[in-house]
Amino acid sequence: MSALRDRAYETLKRRIVEVELRPGERLVERDLAAELDVSRIPLREALHLLAAEGLVVIVPNRGALVSPLTPADVRDLFDVRESLEVLAARLAAGRAGADDLARLRGCLDRARDAVRRGDRRGIVTANAEFHAEIVEAAGNALLGTLMRPLDAQLRRLFLLTSERDPARQCTEHEELYTAIAGGDADRAAACALRHVADGREPTLALAGRWAADIDPVEVTRTRRRRTEPSAAGRRPEDPAASPGLW
């Protein structure tokens, strides 16, 4: 049973993070169970795991939907990032070993290569991995536990804000890496804070464009899945949609 639950969980998580399933989209158990070739019990368990990570909203006795991502959600996420990611950078500067630095360097190289190729998803993946590796290098188990549920939210956010200047983000990551590799905790913390803070206003501006007035109860009132996205619900890769628009 756990294997089926885990498979459903991983598949749905990937589809939500990569915006194959749109914010506010109704998740119909019958349809998903057929698509994933699982029964409803492991599917429901997977949905509850995703709800615990903030990726799914479950309306009791009605059903589930992909969590909307509102300006308020983005603001809250940045508030947390400005505290926890700064702490992670400070700790990493004092604790990162050769292997940690090699993994961070690899993330930077993959991001630069993705920028050259114009590979948006590659850029998002490499940048998200860079932030995750800093948390790992911090060597603080509690910090890792606190940050782990945010990882998927950050990856989804990074994809939705992929129109932000990727070259600038690479430069900021290089500066942060240099501070960590040099063991300069104060500089690493300052670089991390500046990097997160610089992204706040542009991201909130974009979030104002994605936002839709989504009522979870109303969305789950019908047992049918939405098949035609509204203008506020087009995937970023839709040619008719502006980059990053929801």
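Nothing fancy with the numbering, it's 1 onward along the sequence.
By the 4.5 Å heavy-atom criterion applied to side chains, V196 and V86 are not counted as neighbours. Using a 4.5 Å heavy-atom cutoff, the side chains of I134 and L176 are in contact. D73 has its side chain within reach of T70: a pair of non-hydrogen atoms, C-beta onward, lies under 4.5 Å apart. Annotation: side chain of E201 is in contact with side chain of L204 (closest heavy-atom distance under 4.5 Å). Side-chain contact between R155 and E129: present, with at least one pair of heavy atoms (C-beta onward) separated by less than 4.5 Å. Residues L101 and I180 meet the side-chain proximity criterion, which asks for heavy atoms closer than 4.5 Å. N127 has its side chain within reach of Q169: a pair of non-hydrogen atoms, C-beta onward, lies under 4.5 Å apart. Residues R44 and R5 form no side-chain contact, since every pair of their non-hydrogen atoms from C-beta on lies 4.5 Å or further apart.
Of all the heavy atoms in A126 and C107, the pair that sits closest is CB-O, 3.7 Å. Here the closest non-hydrogen pair linking G122 and D119 is N-OD1, 2.9 Å. Of all heavy-atom pairs spanning A188 and A93, the tightest one is CB-CB, 4.0 Å.
In this structure, C170 SG and R110 CZ are separated by 12.0 Å, a value rounded to the nearest 0.5 Å. The structure places CD of E45 at 9.5 Å from CG of L4, a figure rounded to the nearest 0.5 Å. Put simply, NE2 on H173 and SG on C191 are 11.0 Å apart, with the number rounded to the nearest 0.5 Å. With rounding to the nearest 0.5 Å, the separation of CZ in R116 from CD1 in I123 is 11.0 Å. Rounding to the nearest 0.5 angstrom, the gap separating the CG atom in L43 from the CZ atom in R7 is 11.0 Å. Separating the CG atom in L84 from the CG atom in D79 is a distance of 11.0 Å, to the nearest 0.5 Å.
D109 and R112 are not joined by a salt bridge, as no carboxylate oxygen comes within less than 4.0 angstrom of a charged side-chain nitrogen. For the pair E53 and R148, the salt-bridge criterion is not met [side-chain N within less than 4.0 Å of a carboxylate O]. Using a 4.0 Å cut-off between charged side-chain N and carboxylate O, E25 and R15 make no salt bridge. Classification of R105 and E174 as a salt-bridged pair holds, one side-chain N sitting under 4.0 Å from a carboxylate O. Ion pairing between a basic and an acidic side chain is recognised when a charged N comes within 4.0 Å of a carboxylate O; E172 and R194 show no such pairing. Residues R200 and E82 are paired through a salt bridge, judged by an N-O separation under 4.0 Å between the basic side chain and the carboxylate.
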Margin query: Pair E18, V124 - check side-chain contact (heavy atoms from CB on, under 4.5 Å), show working.
Written below: CA-CA 10 Å; E18 295 185 357; V124 168; over 6 Å; no
Note to self: Run the side-chain contact (heavy atoms from CB on, under 4.5 Å) test on R187 and T178 for me, step by step, so that the C-alpha distance in whole Å, both residues' side-chain angles and the decisive distance to 0.1 Å come before the verdict.
What the structure shows: CA-CA 9 Å; R187 184 183 173 198; T178 299; 3.9 Å; yes
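The backbone N or O of G97 sits less than 3.5 Å from a side-chain atom of D100, completing a donor-acceptor pair. Within the 3.5 Å criterion, the main-chain N or O of G54 finds a donor-acceptor partner in the side chain of Q153.
A cation-pi arrangement, defined by a distance under 6.0 Å to the six-membered ring centre and an angle within 45 degrees of its axis, is present between R81 and F78.
Under the salt bridge (charged side-chain N to carboxylate O under 4.0 Å, His left out) criterion, D186 pairs with R90, sequence neighbours left out. For E10, the side chain to side chain contact (heavy atoms under 4.5 Å, CB included) criterion is met by no residue, not counting sequence neighbours.
Of the candidates L55, L50, V56, V66, L12 forms a side-chain contact (heavy atoms from CB on, under 4.5 Å) with just one, namely L50.
In this structure, L193 is not a member of the same hydrophobic cluster as Y177, with clusters built from ILVMFWY side-chain heavy atoms closer than 4.5 Å. L87 and F130 fall into different hydrophobic clusters, where Ile, Leu, Val, Met, Phe, Trp and Tyr residues are linked whenever their side-chain heavy atoms come under 4.5 Å apart, directly or through other members. Under the 4.5 Å side-chain heavy-atom criterion for grouping Ile, Leu, Val, Met, Phe, Trp and Tyr, V135 is connected to L157 within one hydrophobic cluster. Both L146 and L154 are members of a single hydrophobic cluster when ILVMFWY side chains are connected at heavy-atom separations under 4.5 Å. Put simply, L91 and L104 are part of two different groups of oily side chains (I, L, V, M, F, W, Y) that touch within less than 4.5 Å, one to the next.
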